[in-house]
Amino acid sequence: MPPERIHITTAITYSNGPPHVGHAYEYLAADSYARFMRRKLGKKNVTFVTGTDEHGQKNRDAAVKAGLAPKAFADQISAMFKQAHAGLNISYDYFVRTTDPVHEAFVQKMLARSHTSGNIRFREYEGLYCVGCERFYTEKELLPGNLCPEHNQKAELLKESNYFLNLEKYRDRIRDQIKRNRDFIRPERYRNEALKMLDEPLADLCISRPKARLDWGIELPFDANYVTYVWYDAFWAYLSELPDTSDDALKAILPVTEHFIGKDILKTHAVYWPAMLLAVELPLYRSLNVHGFLNFGGARFSKSSGNVADPLAYEANPGPDVLRYFLLRDVVYGLDGDFTEERLIERYNADLANDLGNLTSRVLSMAARYFDGEVTAHPASNREDAAICEAFAGVAPRSDAMLETLAFNRALEVIWQALDAANKYIVATSPFTLAKDPAKLPRVAEILANLLEGLRVVADTLAPFMPVTSRKILDLLAIGESIAHAPFGQGLKPGHHVKPATPLFPRIDAKRS
RNA sequence: GGCGGCGUAGCUCAGUUGGUCAGAGCAUGCGGCUCAUAUCCGCAGUGUCGUAGGUUCGACUCCUACCGCCGCCA
């Protein structure tokens, strides 16, 4: 039973470089889900947060490398991501930067709360420290001879005092939550992995960094010599800039919060984040929706090999919604996917140009040619029409059911099955043949009424996945918001006028590359 | 090293609790239609369902071992 209200988040991007298709994938999945939920629960009942994670060692290092102050560098990166969100039509409500004063104040509030409730301990710590990495390693992580795997230089024994969050205290509660609730972490493979992480006792989580070592972070409210660890900082971005961050509001929003994250940050979200919440006596989130990685032509993406595509380029050409369609249709949520331009173009031609675009075109053309664009009949239900009416009527509920379980690909498949049924229906009823006999025009009108009404339902169901295209089709059908969501058969009425066809997705010549 | 996942037509993958499950889409070939973006419809395939055993009247579906790829934890 879905809640009446929902809060959706993407990971708060920690990046020292520009956005690529891998980032875009997460935004697009979360965005489609958010749009879907808005349609279902109403705009007011959905909030959607994204943003950039700007503190920490790596960001500071990248800034130094770029010859900029950390904040100036963060401004640059953050602006790039914000621009990417806009270009990809990501419908977020809040874009949180972890350097925003509101966020910083919120984090300090939570730190203070954990501290006063006795869940944060200060103690001396001795470990093997790599000066190059500026971080501690466990012996197991190091190469023989205590060599750092990154720098191949010897890690030194270093003594440092830090603040620690007791994770072990919460291990049982977190594990119980995962066990009790099948949807807490999904898909199931990640749920299993998370459970395994909680089988063994957990070491304390270090949540501070001495300013002497790293000063690019949020100062601990109870010790001015320290800043907080970047992860502790970042999680709170999911909540920090909501309009109401009172305890009551947080207690209401967390149980309806759905996080979209990549599999690389499963542990932090399945173990650390719940412990952080429990340490301030807040409830846990509703579910963690874990997606896989995107490969590029079979190879893992890497900045150095230059196979990281710029997602915004695809919005310009082949056009808006195409990257969204491809990623959501071709990748199974939770599994790794493969991105290549060849596959993108294959999908574009086969699904968007041939199926969706051409069907829209042929239906609108007939409507224009035979009836001047006027709908002159109600959707009919002759024996011949029963199957198609059923197909159209079933699109939305069947697609929605798939989306509930994050099966974006299956949801789109359902829509395309309806397109397929429509093409078969046209051949079976041959309105273009009937139209040659004036006596049969009333029947042609019925057929077209069914098809136009079907297109409307398809366009509406498609809206979360392809918002721009959906709007374009609805515009061609001259459909306003008010009747866009009506069930099949209750939208277009006789007397309604639709517009002439225009190609939505011109075919791409395969030879061009 | 421990645990887990995957290996099904050229490609991407579906295959619920073992018995029309050997399938879909794309790509390919042939035929048809003409409203439509050389689009649409129909037909045609190819597969030792990773390998070798086992359980069963019967296994892609369960068990064992092995091979290959991957992930998580060590």
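Chain letters run A, B, ... following the sequence lines, proteins first, then strands; residues in each count from 1.
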Have [X] and [Y] got a donor and an acceptor in their side chains that come within less than 3.5 Å?
X         : Y         : answer
Glu341(A) : Tyr314(A) : yes
Tyr170(A) : Asn119(A) : yes
Arg362(A) : Asn423(A) : yes

What would the secondary structure line of RNA chain B be in dot-bracket form, counting Watson-Crick and G-U wobble pairs under 3.5 Å, with [ ] for pairs that cross earlier ones and | for pairs with another strand?
(((((((..((((.....[...)))).(((((.......))))).....(((((..]....)))))))))))).
With sequence neighbours excluded, tell me which residues meet ring pair (Phe, Tyr, Trp, His ring centres under 6.0 Å) with Tyr25(A).
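Scan of Tyr25(A) (ring pair (Phe, Tyr, Trp, His ring centres under 6.0 Å), adjacent residues dropped) gives His291(A).
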Under the ring pair (Phe, Tyr, Trp, His ring centres under 6.0 Å) rule, collect the residues that match up with Phe465(A), sequence neighbours excluded.
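None.
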Taking [X] first and then [Y], would you say they form a salt bridge - that is, a charged N and a carboxylate O separated by under 4.0 Å?
X         : Y         : value
Asp475(A) : Lys499(A) : no
Arg171(A) : Glu168(A) : yes
Arg443(A) : Asp385(A) : yes
Arg180(A) : Asp176(A) : no

Is it true that the NZ or CZ of Arg329(A) lies under 6.0 Å from the centre of Phe408(A)'s six-membered ring and within 45 degrees of the ring axis?
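Not satisfied by the 6.0 Å and 45° rule.
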Cation-pi, Phe293(A) ring and Lys263(A) (6.0 angstrom, 45 degrees):
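Flagged: Lys263(A) positioned over aromatic ring of Phe293(A).
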Detail all sub-3.5 Å separations between protein N/O atoms and N/O atoms belonging to nucleotides 27-35 of chain B.
from: rC35(B); atom 1: O3'; to: Arg369(A); atom 2: NH2; distance (Å): 3.4
from: rC35(B); atom 1: O2; to: Arg362(A); atom 2: NE; distance (Å): 3.1
from: rC35(B); atom 1: N3; to: Arg362(A); atom 2: NE; distance (Å): 3.3
from: rC35(B); atom 1: N3; to: Arg362(A); atom 2: NH2; distance (Å): 2.5
from: rC35(B); atom 1: N4; to: Arg362(A); atom 2: NH2; distance (Å): 3.0

Protein and nucleotides 23-25 of chain B: nitrogen or oxygen contacts under 3.5 angstrom:
none

Can you check whether Val498(A) reaches Phe371(A) side chain to side chain, under 4.5 Å on heavy atoms?
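They are not in side-chain contact.
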If you pin Ala353(A) and Asn423(A) to their nearest nucleotides in RNA chain B, which one's is more 5'?
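Comparing both residues, the 5'-ward one is Ala353(A).
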So, Arg456(A) side chain and Ile483(A) main chain: donor-acceptor pair closer than 3.5 Å or not?
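Flag set: sc Arg456(A) to bb Ile483(A) pair under 3.5 Å.
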Taking atom P of rC69(B) as reference, at what distance in whole Å does atom CG of Leu335(A) sit?
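Rounded to whole Å, this separation is 20 Å.
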Select one nucleotide: of rC72(B), rU37(B), rC40(B), the one nearest the side-chain heavy atoms of Glu193(A).
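Nucleotide nearest to Glu193(A)'s side chain: rC72(B).
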Dump every N/O contact between nucleotides 4-11 of chain B and the protein below 3.5 Å, one line per pair.
from: rG5(B); atom 1: O2'; to: Arg189(A); atom 2: NH2; distance (Å): 2.9

